[in-house]
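Quick notes on the structure that follows.
Throughout, a chain's letter reflects where its sequence line sits, starting with A, and its residues are numbered from 1.
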There are 2 protein chains.
Amino acid sequence: MKYSSSKENYLKAIFHLQEEDGVVTTNALANELQTRPASVTDMLKKLKTQKLLLYEKYQGFKLSNEGKKVALQIVRKHRLWEFFLVEKLHFGWEEVHDMAEELEHISSKKLIDRLDEFLGFPKNDPHGDPIPDSSGKLAMKQHISLLDIPLNTLAEVSNISDQSIEMLELLKHKSIAIGTKLEVKRKFAFDNSLELKIKNQSAITISESVAKNVFVII
Amino acid sequence: MKYSSSKENYLKAIFHLQEEDGVVTTNALANELQTRPASVTDMLKKLKTQKLLLYEKYQGFKLSNEGKKVALQIVRKHRLWEFFLVEKLHFGWEEVHDMAEELEHISSKKLIDRLDEFLGFPKNDPHGDPIPDSSGKLAMKQHISLLDIPLNTLAEVSNISDQSIEMLELLKHKSIAIGTKLEVKRKFAFDNSLELKIKNQSAITISESVAKNVFVII
DNA sequence: ATATTTTTTTAGATTTGTCTAAATTTATTT
DNA sequence: AAATAAATTTAGACAAATCTAAAAAAATAT
Ligand SMILES: [Mn+2]
Ligand SMILES: [Mn+2]
Ligand SMILES: [Mn+2]
Ligand SMILES: [Mn+2]
C-alpha cells in the first residue's frame, strides 16, 4: 500500500508522540505538525477508515499494528537518509533534518534496502537515534536505571518498570514522570538513597527501591 | 520558487517534447504524461500565469526562459540520481527510471550539488544522456544512429533514444549498453536489419526499429 | 453543583490537480 | 465551400488536504 506524504507525516508524528505518552491528543499532534486541530481531526478519520489508527472521538488515539508498521518504515528511511547525508555528502548533523523530511517519502523499499547496504548497515542515525532494520525492528533505546548513572548528568526519564498504583502515586507526588529531565546530585551510602534535582524545583529524595525501577536515557 | 511535483513533471515533459518538435501540442503532452487533454489545458493555464510557459490557446506552446531553467534543474536531478542508483547502489540501468522520477522532486539545490561532487561530476547518466551542470548548462550531443554508420567501423554506443522498459530489456539481452564498442558487419536490404559484432562475442542481429534508436559515436 | 475554560469536533469554504461530457475551434476531405 | 473529423478548450464535478468559525464535549475552577 502507498500513502500520501501527508499521511506518512501524520503516522510518523503519532508514532513519536505515543512513544512518549502512550496515547496521543489532537492538540499535541496539531502542535507537532504545525497545523490546526480541525485539520488533525479530519485526517484522524481517514486514518481510522484505513485501519491505520485506533481512534474513538474525544478519547485520544494511537496507531494500529499496521499503522505502526508503516510508521517504522518511514522512520527507517528518515534515519538512513540522514546518515547518508552526513556520512557521504558531508552535511552537518544539524542541516539534514529538512532534507530527510522529504527523502523519507521516496517509496521504493528495494532502494532503501540497497542504501542500507551501501552505508554498511548503520545502527544509529547522526543524532544517535536507532535505525529500524529492513523488517521494521527497532533496537530498544538504552534505558539505564537511575541507580547506575553518574552524578550531575542530565538524564530523561524514559520508563518505569514497576507500574503499581503505589509506585505511580509516589512518583506523581515527587513530580517524576516520563520525559522529566533530572540530575542525581548525591548518593548516600548508608541506605543507597538518592538526592535528585529537577530544573526549577527544590531537591527531592528517593529510596533505592524506587530508583531501581526508574529508567532514564542519558 | 518551489513548484509541485506535478508542475515539475509537466515542465520536464514539455522540455523533452520541444527538444524534438520545437512547439508542443496538448495531445502530445497528454500522451507523454499519461493523462487527459483537458487536464493538460488546465495546467497550461496555471503555468502561463506563473510565466513559465508561452501559450496562446489553440496555438501550441513552449517553455519561457524561466520555465526552461526550472526544467533543466529537474533533468539534472533526474540524471544525477540515476547515476547514483546505478553506480553506487548497483541497480541495472533499466530499473532506475521510476525511482529517479520521484527523487528528481527533492528540492534542496545544495543536496544535488553535493551529490554531483560525491559522484565525481559525471558527464552522462546511465542511458548516455548528458547531465546539466549546476548552472543548468547542457552539453550538446553529436550522436549518429546505428543505421547511418559505415560497415566494419568501430563505434561506441553513446545514447538510447527510446528508453522504454521493453527496449532496455531487449538491449540488455543482446549485451548492448552505453559504452559498448561494436561494428556493423552486414545490412540486409530485405528488412533493413543489421548484423553486429561485439568484440569477443558471437554476431547478433537487430531490427531496423531497434537500430534507429541506438546512437553511437565513431 | 455550576460556571468557566480548554479541547475536540463539525460545518462549510478553498486550493490543487484530476476527470467526463459537451462545446468550440482548427484541420482535412469530399 | 461544405461536410466531416480531429484537436482543444470549457463547464461542471470530485477527492485530498487544508483552513476559519461555530458548536459540542470534557476538564477545571469556583
Ligand atoms: Mn516528511
Ligand atoms: Mn535524526
Ligand atoms: Mn517526476
Ligand atoms: Mn536517464
Rounded to the nearest angstrom, tell me the gap between atom [atom1] in [X] and atom [atom2] in [N].
X: Lys7(B); N: dT16(C); atom1: NZ; atom2: C1'; result: 8 Å
X: Arg36(B); N: dA22(C); atom1: CZ; atom2: C1'; result: 15 Å
X: Lys45(B); N: dG17(C); atom1: NZ; atom2: P; result: 14 Å
X: Met43(A); N: dA17(D); atom1: CE; atom2: C1'; result: 6 Å
X: Asp42(B); N: dC14(D); atom1: CG; atom2: C1'; result: 13 Å
X: Leu47(A); N: dA16(D); atom1: CG; atom2: P; result: 12 Å
X: Gln34(B); N: dT18(C); atom1: CD; atom2: C1'; result: 15 Å
X: Leu44(A); N: dT8(C); atom1: CG; atom2: P; result: 10 Å

Go through the side-chain N and O atoms of [X] and [Y] and say whether any donor and acceptor fall under 3.5 Å apart.
X: Ser134(A); Y: Lys109(A); answer: yes
X: His97(B); Y: Glu101(B); answer: yes
X: Ser4(A); Y: Ser6(A); answer: no

### Query
Mapping Pro37(B) and Lys46(A) onto DNA chain D by nearest heavy atom, which one lands closer to the 5' end?
Pro37(B)
Base, sugar-phosphate, or nothing for [X], non-hydrogen atoms under 4.0 angstrom?
X: Tyr10(B); answer: sugar-phosphate
X: Thr41(A); answer: base
X: Phe61(A); answer: nothing
X: Ser6(A); answer: sugar-phosphate

### Minimum-distance pair of heavy atoms, taken over all atoms of Phe215(B) and His143(B)
CB-CB, 3.5 Å
### Summary
Between Leu194(B) and Leu146(B), the two heavy atoms sitting closest are CD1-O, 4.0 Å
### Lys185(A) atom NZ, over 12 foreign heavy atoms within 6.0 Å
yes
### Query
Which of these nucleotides, dT18(D), dA21(D), dC19(C), is closest to any side-chain atom of Thr35(A)?
dT18(D)
### Query
When you measure from every atom of DNA chain C, which of residues 48-57 of chain A have a heavy atom less than 4.0 Å away?
Tyr55(A), Lys57(A)
### From Glu8(B), His78(B), Lys7(B), residue fulfilling side-chain hydrogen bond (donor to acceptor under 3.5 Å, both in side chains) relative to His105(B)
Glu8(B)
When you measure from the side-chain N and O atoms of [X] to the phosphate of [N], is any distance below 4.0 Å, counting only OP1 and OP2?
X: Thr26(A); N: dT7(C); result: no
X: Thr25(A); N: dT7(C); result: no
X: Asn27(A); N: dT6(C); result: no

#### Entry: Salt bridge Lys172(B)-Glu169(B), side-chain N to carboxylate O under 4.0 Å
no
### Task
Output yes when Asp116(B) and Arg79(B) qualify as a salt bridge under the 4.0 Å nitrogen-oxygen rule, no when they do not.
no
### Query
Axis-to-axis angle across the helix from dA1(C)-dT30(D) to dT30(C)-dA1(D), five pairs an end, to 10 degrees?
10°
### Message
Any heavy-atom pair between the side chains of Val210(A) and Met167(A) that's under 4.5 Å?
### Response
yes
